[in-house]
Amino acid sequence: MAKYTLNINGKKQEVEVSAETPILWVLRNHLKLVGTKYGCGIAQCGSCTVHLNGVATRSCMLPVSAVGNQEITTIEGLSEHGDHPVQKAWLEVDVAQCGYCQSGQIMTATALLNNNPSPTDEEIEGAMNGNICRCGTYTRIKKAIKLASES
Amino acid sequence: MTLVQTKIGRRAFIKNTGMASGGLVLGFSWLNSCKPEQATKIAAIEMPKEWFDINAYLKIGDNGIATILSPNPEFGQGVITSMPMIVAEELDIAWKNVLVEQAPFNAELFGRQFTGGSQGIRRGWEGLRLAGATARQMLKEAAAQAWQVPVSEINTESGILKHTGSDKTGSYGEFAAAAAQLSVPEEVQLKEVSDFKIIGHSKKNVKGKEIVTGKPLFGVDYMKGGMLYAMPVFPPAFGMKLKDFDMASVQSMPGIRDVFKIRTHEEDYQRNGFDTTTFTEPIIIVGDSNWEVMQAKKAIRAQWEPFEDYSFPMMGRGGAQTVTVPSGLERSSAHMAKMQEMDAKPGRVVRRDGNPEAAFKKAAKVIERSYSCPFLAHNCMEPINFFAHVTDDKAELAGPLQAPEFIEGTLATRLGLPIEKIDIHMTRMGGGFGRRAYCHYAVEAALVSKKVNAPVQLMYSREDDMTFGIYRPAYYATYKAALDENNNLLAFHVKAGGIPEHPLAANRFPAGAIDNYLAETWEIPSNITIGAFRAPRSNFIAGAEQSFLDELASEMGKDPIEFRLELLDRATKDPVGENNDYEAERYAGVLKLVKEKSNWGINDSGLNRGVSAYFCHNSYVAHVLDLKMENGTPKVANVSCAIDCGIVVNPDAAANMAEGAIIDGIGNAMFGEMTFSEGRPDKSNFNDYRMIRMGEAPKNIEVHFVKNEIAPTGMGEPPFPPIFGAYANALYKATGQRHYHQPFGSNKPQIIG
C-alpha cells in the first residue's frame with residue numbers, strides 16, 4: 001500500500017492503495033466516481049475509458065502507480081453541467097439504450113474530436129472500434145459524433 | 001371517447017394511505033436523493049412545495065407538474081419513457097411538466113413488473129391509460145365541485161381544467177389537493193387514438209442526461225456506507241462441483257475479509273421456473289475492494305470434481321416435476337454429432353396437416369437443407385451483480401433484475417424471512433436480453449450479506465459472467481419441401497431440436513399456408529444451463545426457416561417476396577388447419593411495406609439483397625438487407641425494416657430498439673458462438689468471444705412502422721429473429737454460397753490494442 005495524489009477532474013485526490021491497482025477501481029471503489037464502468041478488465045470493451053492528459057485510455061489496465069501527476073478526466077469531469085457538445089449530441093440523437101457503455105463511448109468520441117474535429121466515417125469507425133455496445137447503438141453513436149463535429 | 005370500467009389495476013388507483021403521508025416511496029433515484037433546489041436545477045423544472053398522491057402511478061405538485069412512476073424494470077428497452085408517456089397522454093398533461101421515476105417493486109400495486117417476452121407495453125397498455133384517465137377524471141371532479149358546475153362541463157387541455165360556458169380555468173396544481181381526497185371513479189373516458197398528443201410523438205429518453213453524465217444509475221453503482229465487495233469463484237466446467245478449497249491460500253491477502261462457500265438453494269427446495277442456476281455451491285471471497293478480491297480469486301487454491309446425475313423438484317409451467325441434471329463433461333463436437341444423430345431419427349410429431357408422407361412420395365423433386373446455431377452467452381455490458389443488506393429481521397436488496405416477483409419468494413424461503421420483510425429495488429440494468437430474468441445472484445448476494453453481517457455488493461467478473469451458463473441453447477433444424485414437375489409446392493416438413501430444448505413453434509407460418517405439412521421436434525439433455533435470450537427459439541428458427549424459403553423460392557424460380565406473399569395469400573383466404581397463431585394479412589403487410597420502402601426489384605440489380613420476415617411476440621417484422629463485399633469481407637450497406645406492432649408509443653425509441661436488434665442479430669449471425677471442451681467454456685472474455693463492433697454494423701438502417709390503431713404488441717424482440725435470415729440470404733447473393741451453420745463469419749475477434 002502506498003499513498004498517491006491523483007489529479008482527477010481538476011481536483012487533487014489522495015488514495016492509499018497498492019501500486020498495481022487499476023485506475024478503474026481507484027475511481028469506482030475508493031473515490032466513488034462510478035460513471036467509469038467495468039466491462040471486461042482486459043481493455044477489450046472500452047467501458048472504462050477515461051482521458052489521461054487528453055488521450056482516451058482504458059482505465060482497467062492503467063495502474064495507479066503509472067499515472068503520476070498526469071491529468072485524469074472521467075465522464076463526471078467532462079463538463080460541469082452535462083453540456084459538452086458530445087454529450088449534447090448524444091442527447092439530441094437519443095443514442096442510449098441501456099446506457100452502460102455510453103460513458104466510455106463518449107470519452108473515446110471526445111478524445112477523437114479533440115484531435116480530429118471533422119473525422120470521416122472511417123476515422124470514426126477506427127477510433128470507436130475498441131468500444132463495444134451490446135445494445136447495438138453504433139449507427140446512432142456515429143451520427144452523434146458527426147453532429148458534435150459540426151458544432 | 002371510449003368509456004372504460006376501471007376494474008383493471010384498480011388496486012393501484014386506490015390511494016395507498018401508507019404512502020400518502022410522506023409522498024410516494026420511490027425506487028433507487030438519483031434525482032430524489034438531491035436537495036430540492038438541486039433537483040430543480042438538474043431536472044430543469046420548478047419543484048412544487050407539496051405533492052399530492054392521486055394514485056400509485058402518479059402524484060401532482062401544487063404547481064401543476066406531475067411525477068409519473070414507470071412500473072417495469074428498465075434494461076434499455078425504453079419503458080421508463082414510454083410507460084409514463086401513456087399515463088401522461090390520458091392524464092392530459094404537457095410532457096415537459098412530467099418527471100419520471102422508477103416505481104418501487106410492489107406487485108400488489110403495479111401487477112406484473114416483468115421485463116421479458118416483449119410484453120411490457122402490451123400488457124401495461126390498458127392499466128397505464130386508466131391510471132392517467134382516472135386521475136384526470138378526479139381532477140375534473142375536484143374542479144366541478146369547486147366551481148359548482150356539472151363535471152360534464154369540464155374539459156382538460158395539457159394540464160389546464162376549463163369550464164365550458166364560463167371563463168373559469170385552473171391548473172391541475174390548484175385542484176390536486178382536492179382531487180387526491182376523491183374516490184376513484186367507476187368509469188372513465190379514454191381518448192380516441194386520433195386525439196393522442198404524446199403517444200406516437202417521439203420523446204427523448206428521460207434518463208438521457210443522467211446516462212451521458214455518468215450518474216450512478218446501475219446496480220453496480222449502488223453504494224452504502226460500510227459496504228463490502230464480494231466476488232464468486234465457480235467450478236471451471238459444467239459437470240463439476242466444489243470438492244474442497246484452501247482458505248489459508250487467500251485469507252491473509254491484502255484487503256480480504258472472509259472466504260467461505262454458500263449454498264444457493266437447500267437440497268429439498270422446490271425451484272420455480274426462473275430459479276435456474278448453474279453452480280449452487282460457489283466459493284465467495286469478500287474484501288474491501290473489487291481489485292483486491294480479484295487478486296484473491298486468482299490465487300485461491302480449490303479442488304473441483306465431476307458430479308453425478310442429480311435431481312431437484314421444480315414447479316414449472318407444466319406443474320410439479322423433477323428435473324434431472326445429467327453428469328458428464330460435454331464437448332461441442334460431440335454435441336453436433338448427437339444433434340445430427342437425433343435429426344436422422346423420427347421426432348415427436350407436433351403438427352400434421354393433410355398427408356405429407358404421401359405427398360413426399362409422389363414429389364418430382366425434394367429439397368432438403370439443415371441449419372444449426374451454437375450456444376450464445378448474453379454478455380450484457382454490466383456484469384452480473386447485486387447489492388444486499390440482510391439483518392436478522394429484514395433484507396434490503398438492489399440491483400439489475402428483469403423479474404423481481406420470481407425471486408422474491410425464493411429469497412424469502414432461503415433467508416427464512418416473510419416476503420414483506422424483503423425489499424427489492426430495481427436499478428437500471430446495463431442490458432438484460434433475458435439473462436436477468438434468472439436472479440440467483442440476488443440470493444447469492446443476500447446469503448453473503450447475512451454471513452458477513454454487512455451490506456455487500458456481489459459482482460461477477462466478466463469471465464464469471466460469460467462462463468456461468470444460462471445460455472441461448474444450441475439448435476438444429478432440417479427443412480424439406482416436396483415439389484411437383486411444375487415446381488408447385490406439395491408438402492413441407494420441418495424437424496427441429498436442440499440442446500436441451502427444441503426451437504419450433506409448429507403453428508407459425510408457413511403452417512396454415514401449405515396443404516401437407518409436418519412438424520417434428522426432439523431434445524437432447526445437457527448440464528449446460530440455458531435461459532431466455534432475446535426472442536427465445538425464434539432467434540434461431542426464424543433464420544433457418546427464412547433461409548430455406550429463400551432457397552425454395554429460388555428453386556421454384558420465384559421472387560422471394562412474391563413467393564412469401566403467395567403463401568400468405570393462401571393462409572389468408574383458405575387457411576390450412578385450425579391453430580395458426582399469426583394473422584396472415586398483417587404478416588403480408590410488413591412484406592409489402594418493406595418491398596415498397598426498399599424499392600425491391602427497382603434498379604437493385606447491383607445490390608446483394610436478402611429478405612426475411614417473421615412473426616413473434618404478437619408482432620410482425622420484415623427486413624431487406626443490402627450487402628457489399630469489401631476485400632472479401634461482407635459489409636452491410638443498408639437495412640430496411642418494416643414493423644407492425646400496433647400503435648407505436650415512442651416511435652424514435654422504438655426505431656432505436658429495432659436498429660439495436662438488427663445490429664445484435666448481424667453480430668450473432670456472423671460471430672456469436674460459445675463452444676465447450678470437456679465441459680469448460682472455450683471463451684471467457686471479449687478477447688476470445690467476438691462481439692460486433694462499429695465498423696461491422698450497417699452503414700444505414702431505416703425503420704418503418706405500419707400505421708394502424710391496434711393496441712400495442714411486442715417491440716423489443718420481434719425485429720431480432722428475422723435479421724438472421726435476411727443476412728444469410730444477402731450473403732448468398734454476395735458470395736454464391738448458401739450459409740447454413742452459424743456463425744457465418746470468423747469467430748476470432750480482432751485484438752484491440
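Order of the sequence lines fixes the chain letters, A, B, ..., with proteins taken first and strands second; residue numbering starts at 1 for each chain.
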(Q) Treating A/Y138 as the side-chain partner and B/I692 as the backbone partner, does any N or O pair qualify as donor plus acceptor under 3.5 Å? (A) yes
Q) Using non-hydrogen atoms only, which part of B/M466 is less than 4.5 Å away from chain A: side chain, backbone, both, or neither? A) neither
Q: Measure distances from A/L78 to the heavy atoms of chain B and classify the residue's part below 4.5 Å as side chain, backbone, both or neither.
A: neither
**Q.** Contacting region of B/A658 [heavy-atom separation from chain A under 4.5 Å]
**A.** neither
Q.
Shorter than 4.5 Å, heavy atoms on both sides: which option in A/M128, A/K143, A/K32, A/K88 has the most such pairs with chain B?
A. A/K32
Q: Hey, could you give me the OG1/CG distance between A/T139 and B/N700, rounded to the nearest 0.5 Å?
A: 8.0 Å
(Q) Between B/I211 and A/W90, is there a side-chain heavy-atom distance shorter than 4.5 Å? (A) no
Q: With a 4.5 angstrom heavy-atom cut-off, could you sort out which part of A/H30 is near chain B: side chain, backbone, both or neither?
A: side chain
Q: Output the option from A/G35, A/C133, A/C45, A/G39 having the highest count of non-hydrogen pairs under 4.5 Å with chain B.
A: A/G39
Q: Using a cut-off of under 4.5 Å on heavy-atom pairs, state which of B/G208, B/P383, B/G255, B/G431 scores highest against chain A.
A: B/P383
Q. Is the number of heavy atoms from other residues, nucleotides or ligands within 6.0 Å of CD (A/E16) greater than 12?
A. yes
Q: State the CZ-CG distance between A/R140 and B/N656, to the nearest 0.5 angstrom.
A: 4.0 Å
Q) Quick check: does any side chain N or O of B/R462 sit under 3.5 Å from a backbone N or O of A/Y38, one acting as donor and the other as acceptor? A) no
**Q.** Interchain contact, B/M227 with chain A, by part (heavy-atom threshold 4.5 Å)
**A.** neither
Q: Answer yes or no: is there a side-chain heavy-atom contact under 4.5 Å between B/E292 and A/N29?
A: no
Q: Please indicate whether B/K204 has more than 12 foreign heavy atoms, meaning atoms of other residues, nucleotides or ligands, lying under 6.0 Å from its NZ.
A: yes
Q. Considering only heavy atoms from C-beta outward, does the side chain of B/E659 approach that of A/T137 to under 4.5 Å?
A. no
Q: With rounding to the nearest 0.5 Å, note down the distance linking SG in A/C40 to CG in B/N687.
A: 8.0 Å
Q.
Please check this pair: side chain of A/E76 against backbone of B/T213, looking for a donor-acceptor N/O pair closer than 3.5 Å.
A. no
Q) Which atoms of A/E122 come close to chain B, meaning under 4.5 Å heavy atom to heavy atom: side chain ones, backbone ones, both, or neither? A) neither
Q: Answer yes or no: is there a side-chain heavy-atom contact under 4.5 Å between B/F686 and A/I42?
A: no
Q) Quick one: does A/R134's side chain have a donor or acceptor within less than 3.5 Å of a partner on B/M381's backbone? A) no
Q. With a cut-off of 6.0 Å (strictly less than), are more than 12 heavy atoms of other residues, nucleotides or ligands near CD of A/E92?
A. no
**Q.** B/K699 with A/D121: basic N within carboxylate O range, under 4.0 Å
**A.** no
Q | Under 4.5 Å from a heavy atom of chain B, the part of A/V17 involved | A | neither
Q) What residue in B/E463, B/E74, B/Q77, B/M459 has the most heavy-atom pairs under 4.5 Å with chain A? A) B/M459
Q. Do A/R28 and B/D221 sit within salt-bridge range, that is, some charged N less than 4.0 Å from a carboxylate O?
A. yes
Q | Beyond-backbone contact of A/C60 with B/W291, side-chain heavy atoms, under 4.5 angstrom | A | no
Q: Counting only heavy atoms closer than 4.5 Å, note whether B/F720 contacts chain A via side chain, backbone, both or neither.
A: neither
Q | Residue among A/G77, A/G46, A/P22, A/S47 with most heavy-atom pairs under 4.5 Å to chain B | A | A/P22
Q: Nearest 0.5 Å please: distance from the NZ atom of B/K215 over to the OG atom of A/S103.
A: 11.0 Å
Q | Heavy-atom side-chain proximity of B/N205 to A/Q97 below 4.5 angstrom | A | no
**Q.** Side-chain heavy-atom pair A/I141, B/M694 within 4.5 angstrom cut-off
**A.** yes
Q) Looking at B/G78, B/S461, B/P698, which one has more heavy-atom pairs under 4.5 Å with chain A than the rest? A) B/S461
Q. If you take all heavy atoms of B/G695 and A/N129, which pair is closest and at what distance?
A. N-OD1, 4.4 Å
**Q.** Side-chain donor or acceptor of A/Q87 paired with backbone N/O of B/V212 under 3.5 Å
**A.** yes
(Q) Quick check on the interface: out of A/D94, A/L24, A/I75, who has the most heavy-atom pairs with chain B under 4.5 Å? (A) A/D94
Q | Stepwise side chain to side chain contact (heavy atoms under 4.5 Å, CB included) check, B/M294 with A/W25 | A | CA-CA 11 Å; B/M294 282 174 173; A/W25 298 113; 3.5 Å; yes
Q. Any chance NZ of B/K297 has more than 12 other-residue heavy atoms, nucleotides or ligands included, within less than 6.0 Å?
A. yes
Q: May I ask you to test the A/I132-B/R693 pair for a side-chain heavy-atom distance under 4.5 Å?
A: yes
Q: Answer with side chain, backbone, both or neither: which region of A/L33 has an atom nearer than 4.5 Å to a non-hydrogen atom of chain B?
A: neither
